Amino acid sequence: MGRKKEKADYMSKENIDQDFNFKVIDKKWRKYWEDNKIYKVDVKSGKPKYYCLDMFPYPSGAGLHVGHWRGYVISDVCSRLKLMQGYNVMHPMGWDSFGLPAENDAIKLEIHPSILTAERIDNFRRQLKEIGAVYDWDLEFATSDVDYYKWTQWIFVKLYKAGLAYRKMMPINFCPSCKTGLANEEVTGGECERCGSVVEKRDMQQWMLRITKYADRLADELDKVDWPESVKALQRNWIGRSRGARIDFALADGGEKITVFTTRPDTLFGATYMVLAPEHQMVLKITSPDKLQEVKSYIESAANKSEIDRMSENRKKDGVFTGAYAINPLSGEKIPVWISDYVLAHYGTGAIMCVPGHDTRDFEFAKTFNIEIRRVIIKSLEGVSNAAKVSSQGLNEAFTETGFMVNSASYSGLDTETGKIKVIEELKKIGAGEEAINYKLRDWIFARQRYWGEPIPIIYCDKCGEVPVPEEDLPVRLPHVEKYKPTGTGRSPLAAIDEFVNCKCPKCGGAAKRETDTMPQWAGSSWYFLRYPEPKLDSAPFSDETMKKWLPVDLYIGGIEHATLHLLYARFFVKALYDMGHLPFDEPFAKLFNQGIIYRNGAKMSKSRGNVVNPDEIVEKYGSDCLRMFELFIGPPDIMCEWKDDGIVGVSKFLKRFYKIAVNNIENKNYKEPEALLRARHRFIKTATERINAFQFNTFISACMEFLNFLSDYDKCSAETIKAMTVMLSPMAPHICEELWNMLGNDKSIFTSGKWPEFDPALAALDELNIPVQVNGKLRGTISVAKGADEETIKKIIAGNEFIVKSLEGKQIVKFVFVKDKIVNYVVK
RNA sequence: GCCUGGGUGGUGGAACUGGUAGACACAGCGGACUUAAAAUCCGUUGGGGUUUGGCCCCGUGCCGGUUCAAUUCCGGCCCUAGGCACCA
């Protein structure tokens, strides 16, 4: 027969026990929480505070799927738990509502972005309420609210005045489809991260933020925060600090010099040529007349190569010789200077010394153009009589590890670390170099040629130049207009609105024009967490008193995809504000938790893959408590895991059984439970409490199931047991537990009057233990002993165990391993 | 290539500091109840062998090591997901 269940069986009708009608219960308590504002945080209260924050969502058109829900469930569970543990919990929610996607959709659907955004926010808010997540909605705001972005602009002005915002003509990434400039972070593999078009380069005046000034602190101060190591590693990697030296190579025919950056000054004697990036300013200056034609055409072809071509793997290295020679500052050797696009103009000095013997890329280049490959580092000095005369023959590939210097004049024989120091010392002495640090991190392009964003508060005056909008004139309002489509010229749609552009210079009062670029989406999210305690404050973005009391965020929950962008930008903003004296702390998020991504059918959930599970439907069939619990039961909260449609019935069954058992025993106020049950309860409280505090939600639920299974073998239990379970399950299954709490005779919410149960360590401890008995590490039986039994007692018990005795018969006992309360092991021959 | 995770039954996943591998669930199989189904409940379920027993052997990606004892620690690989990547 094999009646196979339909794929979407969880959608089919489910026989709901009459006395457990989640639809009624869910609705009832959700209304109660809202009416009674159980989550209204008392910002001024003296109780210890706990600031639990979700990364606020970008209200997209697709709505939330069960993958998104996971993080919100986790934060809601933590908040409710902390609330019951006596904390003054702030758990706010808001919207990251400015940005490209909304604007693109608005153009497509011909609905103004402000209207579209408002609709989507309503849908998101509804979905979050369905989950049963209780936020303090009085704190809600959106980054596109004027009252909020006024302060985003205020911060920009502060950054400008502190010299951290500046304008620069830069070749920027331009997306021909989105018709806007993109930040480096929005380009992946040469394509626009959002629409997939191939990105072009264009020269434009760009607003930049000087995040590189904070590179060291952003890297070093990661040590201060309780974040997953993986995220810290990602950020350090992104900042990409490398230590080395800057070295000057004088040109053979006169005064000019070429400066390079290298992390391996110890290989200086192996430099057999140099390469400049084609964009390097000195290229044409140094090129000899006979090479000029060739060099020019190479520069041109490099400029025309798309980002993708330049980055494609296995690309053969090419380049041309400039005809110029440079002098190695330590060896005095004359080496040729080439240009090639394998050297990047924007990293280091845009020029390198090439050591083909010890760098894979240089090796490849040297092979192509038949340049000398010299060995100047070897792994070990063993068997080497004269390090200065080691043969350079037979190098089949670059040796990139550290080791000992050879063929390096008086430095031969030094190890890499010492060699680096000595070489730098000498270079410093002769004025040809110094130690240097380089970063991969680049300054942040902080402008978009788009409508739906915060207008950059700068005014251009013919007389006074660049003038920031005075703080008292903020906000610079985004005009509500019909023409918000991109101009395609690369300029913002705002540039076409005369009423917006034309203004008076705040300094001289003369005619002036406004900046028409807007800020990137990351602007609003870089400081929103500072605004929640006082979202309506109109004298400042935040107050000293509140910052001191509520910040930093105690627990920040969100996806790992924000590891390098949002989280780095937010840290930068906070550090800059701290340096300017506006904040009393310099790290915004004390603890970070990344929820694991939920997969289905082996792929990340997404609308385009068609593997999303809509939470609305599951809530409809099973209730939100069941979905909440299943989201956590599915696996460890920080690890990616697979969504199985079938699994949810297990949680559903558990909740029904729990409800039934609870209702049946709710009256047993004075019932004295059998000792074994009492002990089991205390053991359960102990284990489960440890697990939930350690964020092990999946095994916390297992413990609840185990205890309920144990409980089912008895015909009766005490109301005390029901009460303990109800409180413990309430963070995850708040609706059912609130109902049971009410039935237990409480008239206040479980979240304001419930107290997490305590356990008696004496009762929680097992008095009888099952000790495994091994022979040669293999299990041969278990014995039951009193806790703390000593070696002699155990031996006596074993002597009475026929089977174990039998398996020891005729064997010579070499060793007896005894670990108290754990295990015994006979080592026999 | 580099940096992070991850690899355990048919499936999702347990296992504290090295101490009974597979908790808890799902699916499967067998049974009870039912005219029947749903729901519910009970039993069973890593693989192989076997004298059906409080039995034996194998088994946590692979190879080796340390240990009385390794999913756990060490060395060397393989696979996989994510991030970075001609960054000198």
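Residue numbers begin at 1 in each chain, while the letters A, B, ... track the order of the sequences. All figures in this text were calculated on a predicted structure; none of them were measured in a lab.
Taking the C1' atoms as reference points, B:A15 lies 11 Å from B:U8, given to the whole Å. Separating the C1' atom of B:C63 from that of B:G13 is a span of 28 Å, rounded to the nearest Å. For the C1' atoms, the distance from B:C2 to B:G9 is 36 Å, rounded to whole Å. B:C26 sits 41 Å from B:G75 when the P atoms are compared, rounded to a whole Å.
Distance A:Lys644 NZ to B:G13 P: 9 Å, rounded to the nearest Å. Between A:Gln235 atom CD and B:U4 atom P the separation is 15 Å, expressed in whole Å. Between A:Leu568 atom CG and B:C84 atom P there is a gap of 13 Å when expressed in whole angstrom units.
If you look at A:Phe695 and A:Phe593, their ring centroids are closer than 6.0 Å.
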Give every pair of a protein N or O atom and an N or O atom of nucleotides 17-23 of chain B that lie under 3.5 Å apart, one pair per line with the distance.
from  : atom 1 : to       : atom 2 : distance (Å)
B:A23 : O2'    : A:Glu706 : OE2    : 3.2
B:A23 : N1     : A:Ser702 : OG     : 3.4

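No side-chain donor from either of A:Asp318 and A:Tyr342 sits under 3.5 Å from a side-chain acceptor of the other. Checking A:Asp443 against A:Thr212 by side-chain atom types alone, a donor-acceptor pair falls below 3.5 Å.
Within residues 260-270 of chain A, the residues approached by RNA chain B to less than 4.0 Å at the level of any non-hydrogen atom are A:Phe261, A:Thr262, A:Thr263, in residue-number order.
Pairs of Watson-Crick or G-U wobble type, with distances under 3.5 Å, assemble into runs of 3 or more in RNA chain B at these ranges: B:1-7 with B:78-84, B:10-12 with B:24-26, B:28-32 with B:40-44, B:46-49 with B:55-58, B:61-65 with B:73-77.
The side chain of A:Tyr347 contributes an N or O atom lying less than 4.0 Å from OP1 or OP2 of B:A88.
Figure legend: cation-pi geometry between A:Lys795 and A:Phe816, with NZ or CZ positioned under 6.0 Å from the six-membered ring centre and within 45° of its axis.
Among the nucleotides B:C86, B:U40, B:A25, the one closest to the side chain of A:Tyr342 is B:C86. Here the nucleotide nearest the side chain of A:Met705, chosen from B:A25, B:C68, B:C56, is B:A25. Picking from B:U40, B:U4, B:A88 the nucleotide with the shortest atom distance to the side chain of A:Ser230 gives B:U4.
Residue order along RNA chain B, read from the 5' end via each residue's closest nucleotide, puts A:Ala703 first among A:Val827 and A:Ala703.
More than 90° away from 0 lies the glycosidic angle of B:G64, which makes this nucleotide anti.
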Go through A:Trp238 and A:Tyr439 one step at a time and tell me if the ring-ring contact (aromatic ring centres under 6.0 Å, His included) criterion holds. CA-CA 9 Å; A:Trp238 185 262; A:Tyr439 306 89; over 10 Å; no

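Base engagement by A:Lys440 is indicated by at least one non-hydrogen atom pair under 4.0 Å involving a base atom.
A donor-acceptor contact under 3.5 Å links the side chain of A:Lys317 to the base of B:C86.
Rounding to the nearest 0.5 Å places OH of A:Tyr298 at 10.5 Å from CH2 of A:Trp338.
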